[in-house]
Number of protein chains: 2
Amino acid sequence: MPKRTFFNLPEQKRQNLMQAAEEEFAKSPLYEASISNIVKSAGIPRGSFYQYFEDKEDVYFYLLKEETKTRKIELIDKLKKHHGDIIDAVIDMYYEFLVDLPDDQELNFLKNALLNVTHKIEDAVTSMFEDSHSNDYMEQINRLIDKERLNIEDDQQIYHILQIIVAVAFRNFVEKFSKELSDKEAIENFSIEMQLLKNGLYRN
Amino acid sequence: MPKRTFFNLPEQKRQNLMQAAEEEFAKSPLYEASISNIVKSAGIPRGSFYQYFEDKEDVYFYLLKEETKTRKIELIDKLKKHHGDIIDAVIDMYYEFLVDLPDDQELNFLKNALLNVTHKIEDAVTSMFEDSHSNDYMEQINRLIDKERLNIEDDQQIYHILQIIVAVAFRNFVEKFSKELSDKEAIENFSIEMQLLKNGLYRN
DNA sequence: TATAATAAATGACACACTGTCATTTGTCAA
DNA sequence: TTGACAAATGACAGTGTGTCATTTATTATA
């Protein structure tokens, strides 16, 4: 969280600083961005920055959270519009985010947030489902999976199924570590979610 | 990818270097880890490091990929064991990973990979489903969601459903940006996966 | 074996960024 | 007007990065 001094700042100066920060983070992902650039572009002395924020991540996550605040209200709206259908509401939001988001800088900022390490690490994990040199490996997997059980019409949909499973598995790992769940808890949670995936989140 | 020189290195020296790298990355997440520490601990001159690798990330992702290679073979085994049931296979892997992984350093390495930025950013996004100050917000969401449609027995399972949706949505964003999909493609993919979530990955 | 050509090793160095701190400047209440 | 507290400032020490000219090793060739 930014320090008290930050919130005491006159509106004008505060916005100016945040604008400079967003600009920098739109240009470079978190770990390539530099405080030096931000203060230069905002025209404030270096020391002042540390008067307002703990460090780089402090501004960064403050910006990111401000960003999501807006989306919260949107979600409420969408839920109403879709009569409580959570998935339809989320699809609607996804659509609006992609199509209606006008501000290039804002978009780049979020893009960087998602792309950087997150993406690379997930990629490495997902590569488990990809051919390394030949595509022998993937073929083998493909052959081994019992497709009769799967709720798919064409073979191409199997890609989506794998993506979903990986995404949920990934999230479970992260949660296990971040919330320091016991192995038992972690596996229970994981099983619940995998069952939900199998049977569907919605009743038939 | 590491440079040719790296692969020309005598086995002993190469392993020693990788050991030092893993040690560093087990101690500190990617962006806090330093090449200085790695070369010091490996006992090689700084210049040599750059003879072998492009930069820090180069070693890092090389290590990470080596790590997942092992898991690939495991997945094949599990698929066979579970007669092609992909979800059961993945549950089994998850279990083994948590319970049978013996090496502390390896575990810490992966933990850092998952925890750092990935986790913080997903957290910021997921916070959309969390109470900010009062829990008014979450209550409202909870009230709005039409639970009749959901495939749940108790109210607590709704948490898992939201987690799943967020995880899959998150992955879709990342993919849209990393593969530079058009808005149309992205939304199509997203819809397919959301339908799969609704109806279940498996046939009834 | 001597020599040339190529590959690898080395560590000093320039550059960049971070976070701190002593000092200055501003504000506000008594 | 003065004292106490809050904020602003920028110089500075510390740390890390990536490069490069030089040295050393290896391999090919005559």
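Nothing here was measured: the structure is a model prediction, and the numbers come from that model.
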S.K.: Tell me whether the OP1 or OP2 atom of C:dT18 has a side-chain N or O from A:S36 closer than 4.0 Å.
M.R.: yes
S.K.: For B:K3, is the NZ atom crowded, meaning more than 12 foreign heavy atoms sit under 6.0 Å from it?
M.R.: yes
S.K.: Rounded to whole Å, how long is the line connecting atom CD of A:E57 with atom P of C:dG19?
M.R.: 10 Å
S.K.: How would you label the contact of B:T5 with the nucleic acid (heavy atoms, under 4.0 Å): base, sugar-phosphate, or nothing?
M.R.: sugar-phosphate
S.K.: If you apply the rule salt bridge (Lys or Arg N to Asp or Glu O under 4.0 Å), what do you find for B:R149 with A:D88, and how did you get there?
M.R.: CA-CA 12 Å; B:R149 299 183 195 216; A:D88 284 357; 5.2 Å; no
S.K.: Please work out if B:I38 contacts a base, only the sugar-phosphate, or nothing of the nucleic acid, heavy-atom cut-off 4.0 Å.
M.R.: nothing
S.K.: Between the side chains of A:Y31 and A:E57, is a donor N or O closer than 3.5 angstrom to an acceptor N or O?
M.R.: yes
S.K.: Compare the minimum distances between each of C:dG19, D:dT19, D:dA7 and the side chain of B:Y50, then state the nucleotide with the smallest one.
M.R.: D:dT19
S.K.: Under 4.0 angstrom, heavy atoms only, what part of the nucleic acid is B:K13 near: base, sugar-phosphate, or nothing?
M.R.: sugar-phosphate
S.K.: Would you tell me if any nitrogen or oxygen in the side chain of B:R46 comes within less than 4.0 Å of OP1 or OP2 on D:dT17?
M.R.: yes
S.K.: Using the side-chain heavy atoms of B:S48, tell me which of these nucleotides is nearest: D:dG16, C:dA9, C:dC17.
M.R.: C:dA9
S.K.: B:L17 has an atom CG; how far is it from atom P of C:dA8, in whole Å?
M.R.: 15 Å
S.K.: May I ask you to say what B:Y52 touches in the nucleic acid, namely base, sugar-phosphate or nothing, with a heavy-atom cut-off under 4.0 Å?
M.R.: sugar-phosphate
S.K.: What is the distance, rounded to the nearest whole Å, between atom OH of B:Y31 and atom P of C:dT18?
M.R.: 14 Å
S.K.: Please compare A:K56 and B:N8 by the position of their nearest nucleotide in DNA chain C and report the one closer to 5'.
M.R.: B:N8
S.K.: In whole angstroms, how far is the P atom of D:dG16 from the CG atom of B:N37?
M.R.: 6 Å
S.K.: Starting at atom CZ of A:F7, determine the distance to atom P of D:dA6, rounded to an integer number of angstrom.
M.R.: 18 Å
S.K.: Take the protein atom CD of B:Q51 and the nucleotide atom C1' of D:dT24, then report the distance between them rounded to whole Å.
M.R.: 12 Å
S.K.: May I have the distance from A:D55 (atom CG) to C:dC17 (atom C1'), rounded to whole angstrom?
M.R.: 14 Å
S.K.: Within this structure, what is the CZ-to-P distance between A:F53 and C:dC17, rounded to whole angstrom?
M.R.: 19 Å
S.K.: Less than 3.5 Å apart, any donor N or O on the side chain of B:S182 or B:E185 sitting next to an acceptor on the other?
M.R.: yes
S.K.: Less than 6.0 angstrom separating the ring centers of B:Y62 and B:F6, yes or no?
M.R.: yes
S.K.: What nucleic acid atoms does B:I35 come within less than 4.0 Å of, heavy atoms only: base, sugar-phosphate, or nothing?
M.R.: sugar-phosphate
